[in-house]
Amino acid sequence: MVTHTTYEWTPTQLPSSLSVCLSRHHYRGGRDGPTVYVQAAQHGREVSGAECLRRLHERLLDDNTALAGELITVPVANPLTFDRRSYTTPEEIDSVNSNMNRVWPGDVEGTLHERLAATLWDVAADADAIIDLHTASAETLPHIVHTAGDDSSRRLADAFGTTLHLAEPAGDEARSEWHDRRFDGKFRVTAYDAGIPCITPELGDSRRIQEGPIGTGVDGILDVLRTVGALDGEPSGTDATVCRNHLGRVQAAESGLFRPAPDRSLGDRVSKGDHLGTLFDPMTYDRLQEATADHDGVLYALTRRGAVTAGDRLCSVAVPLEGPA
Ligand SMILES: [Zn+2]
């Protein structure tokens, strides 16, 4: 059995006095169990997470699920970017932190993003497990990011069930790297610091409602609920390759027109030096760059948008730490 309650609140407002509202759903089971917190759409263009939570709502209520403990969901964590279908906000909305996922745990007296984060963290901080739903582009293999060496988060990632995990390093050395890239303000890092297992699924196909990634997301959340004992049964799970995060970007040396290698697909195992695409001058047809894998690994991003600017990512090869070859 599931008892459902919705709460709405207004953590801040726009200059015109228009309220910025948040809404969260509480699903309480008929027996004791863990508290699980799931949020979506910190980056508003990543709409599939919000749709995952809407479908999860139907599944939980229609099936009269035998839930233990409590599930809390926030379908739109950042209305400021959701309304703009954007990743970040313009300077007029938050001149200090355009990216909400760099401000956690937030500040109730800070900028708009900091205020949203602080009021959400107030709810999430009591959870036993957290899922922060994100969506990568269609040019990126769906994957899950978790903290390297954090077995409790790894357990959630294994249950969620994508074929690629990107483990982000922890520890003193990594923290300076995180700090340099402002990654220490990510929601998942704040959860890790608080000792709460947390994963960041990056479902496929930002900006669009696609049945495949959304089904993966709904099934993944249900399997995480099974793994923490909120639902009965065993998660289906998937054999995943675990790689190190934030390595292996091949960048455009010049601006031009990029043709990805036609025989390459996301998820392919590639070796250092393998050809991944060619950059041309679109007017003269001169070859500007042969993009090659900079090390052995899993090809998990390959741009297909054609026109690229110098410095843009052409492809990414994740370096395996472990997992099936
Ligand atoms: Zn995101």
Side-chain angles (χ1 to χ4, degrees), residues 20 22 24 37-54 56 73-90 93-94 96-106 111-114 116-118 120-121 124 130-147 153 156-157 160 162 164-168 178 181-192 196 198-210 212-214 216-218 220-221 224 243 245-246 249 266 300-301 303 305 312-313 316 318:
V20 178
L22 290 171
R24 69 180 194 269
Y37 175 90
V38 188
Q39 71 174 25
Q42 275 204 73
H43 300 132
R45 72 185 184 193
E46 301 172 15
V47 293
S48 58
E51 174 62 3
C52 279
L53 293 181
R54 192 195 65 76
L56 181 70
T73 66
V74 176
V76 181
N78 187 353
L80 303 172
T81 52
F82 193 85
D83 284 342
R84 291 171 178 74
R85 294 80 158 166
S86 63
Y87 183 73
T88 55
T89 54
I93 300 295
D94 192 323
V96 180
N97 306 294
S98 63
N99 186 343
M100 183 179 174
N101 203 20
R102 300 293 182 269
V103 307
W104 297 86
T111 70
L112 294 197
H113 274 152
E114 289 172 334
L116 292 176
L120 290 169
W121 180 247
I130 291 176
I131 303 173
D132 185 23
L133 292 169
H134 287 252
T135 307
S137 73
E139 302 167 342
T140 305
L141 189 70
H143 60 273
I144 294 173
V145 184
H146 63 79
T147 303
S153 295
L156 303 186
F160 197 95
T162 60
L164 176 66
H165 297 175
L166 296 181
E168 203 163 271
W178 283 353
R181 301 180 66 168
R182 299 183 66 186
F183 286 175
D184 45 358
K186 286 185 178 182
F187 180 52
R188 183 177 43 76
V189 176
T190 296
Y192 173 73
I196 306 171
C198 180
I199 55 172
T200 307
E202 293 278 2
L203 304 171
D205 232 341
S206 176
R207 297 178 186 274
R208 297 198 295 173
I209 298 297
Q210 293 282 72
I214 289 166
T216 299
V218 174
I221 296 167
V224 167
C243 296
N245 204 5
H246 305 311
R249 288 168 66 95
L266 295 179
Y300 80 99
T303 187
R305 65 178 179 274
D312 279 355
R313 180 175 73 168
S316 291

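Just follow the structure's listing: the first ligand is 1, and inside any ligand the first atom is 1. The structure presented is a predicted model; accordingly, all values stated were derived computationally and were not measured.
Two residues are said to be in side-chain contact when any heavy atoms from C-beta on lie closer than 4.5 Å; Arg305 and Asp312 meet this criterion.
No donor-acceptor pair closer than 3.5 Å links the side chain of Ser98 to the backbone N or O of Asp94. Between the Thr216 side chain and the Gly212 main chain, a donor and an acceptor come within less than 3.5 Å of each other.
The environment of CZ in Arg85 is sparse: at most 12 heavy-atom neighbours from other residues, nucleotides or ligands sit within 6.0 Å.
Counting just the N/O/S atoms of His43, the one with the shortest distance to the Zn ion (ligand 1) is named ND1. Among the heteroatoms counted here (N, O or S) of His134, ND1 is the one nearest to the Zn ion (ligand 1).
Here Glu202 fails the criterion, with no N, O or S atom under 2.8 Å of the Zn ion (ligand 1).
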